Amino acid sequence: MPVRSILEELLRGRISLEEAERAIESAQLSLGDRVRFDIFREKRTGFPEAVFAPGKSDEDIVNIVKAVGDVLVTRLPPDRAEGILKELGDIDRRIEYHETARVLAVRSKDPEFIGMIGLLSAGTSDIPVAEEARVVAEESGCEVITAYDVGVAGLHRLMDPLRRMHESEVKAIIVVAGMEGALPSVVAGLVDVPVIGVPTSVGYGVGEGGSVALNSMLQSCSPGIGVVNIDNGFGAAVLAVKILRTCSL
């Protein structure tokens with residue numbers, strides 16, 4: 001039921017205040033028959049609904065952005081982003097496309113600062129997933145300290161970034177790694193904050209597709225690791241944001 005209809009029912013005395021509140025909290029924004037946008041997800045969960053670009057037409061994405069307001073569009077390839085940006089050229093919000101992360105961010109104002117997190121990638125090939133996590137975290141109010149290509153093939157590269165993160169009092173560290181996925185275990189054994197492991201599909205042979213990295217992180221003997229799905233930089237960022245918000249309570 002549209003929010004306007006809910007309010008009209010309330011004014012006419014047909015529903016109670018409590019019923020109206022429940023109806024509004026479960027309301028959706030319908031855009032034709034193809035899209036039902038969950039406009040109150042941020043109120044329920046602390047994080048707004050994002051738009052996963054694959055499977056949606058360019059028209060769907062343009063309509064969602066124009067109707068909803070602030071939104072993140074994930075997994076949007078550069079060739080599609082170009083046309084969508086042209087269609088959105090006249091809206092009065094900040095629009096920024098992050099090509100490596102494949103994220104389109106639309107914001108009416110900068111987010112309120114909530115804290116600092118660390119972000120590491122084991123290899124250069126893991127950077128696209130790490131960048132997805134960085135953009136989503138920053139658009140949610142985090143300051144992100146990054147260090148890329150610091151994997152276990154040269155552990156000496158890891159020490160300085162971890163020192164900077166410790167001195168900056170980060171509240172969580174996202175660690176992105178493919179191949180054998182060993183870096184989160186190493187990091188978790190050195191720090192006193194939650195580590196969020198992100199396995200990537202970077203690899204070959206038995207490691208192809210990311211399943212080895214995923215199983216390695218799940219089987220880690222270092223406590224304090226939470227693991228998200230393969231290539232899920234978005235999910236890792238949302239988890240880090242929720243950790244920061246809990247720390248501030």
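The residues of the chain are indexed from 1 along the displayed sequence. Keep in mind that what you see is a predicted model, and the values were worked out from it rather than measured.
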Side-chain touch Arg94/Val106, heavy atoms, less than 4.5 angstrom: no
Neighbour count >12 (heavy atoms, 6.0 Å) for atom CD, Glu112: no
Residues which pass salt bridge (Lys or Arg N to Asp or Glu O under 4.0 Å) with Asp58, listed by chain and number, not counting sequence neighbours: Arg80
Side-chain heavy-atom pair Arg102, Thr74 within 4.5 angstrom cut-off: no
Student check: side-chain heavy atoms of Leu162 and Val187 closer than 4.5 Å: yes
Donor-acceptor under 3.5 Å (Ser216 side chain, Val212 main chain): no
Single hit among Leu120, Asn232, Leu119, Ile196 for side-chain contact (heavy atoms from CB on, under 4.5 Å) with Val176: Leu119
Under 3.5 Å: donor-acceptor pair, side chain of Glu9, backbone of Arg14: no
Side-chain heavy atoms of Ile61 within contact of Leu76, under 4.5 Å: yes
Nearest-0.5 Å distance, CD1 of residue Ile91 to OG of residue Ser108: 10.0 Å
Inter-residue atom distance Ile145.CD1 - His166.NE2, 0.5 Å rounding: 12.0 Å
Rounded distance [0.5 Å steps], OG in Ser211 versus CD1 in Ile230: 6.0 Å
Contact summary for Pro184 and Gly197, nearest pair of heavy atoms: CG-CA, 4.2 Å
Short side-chain donor-acceptor distance under 3.5 Å, Asp231 and Thr200: no
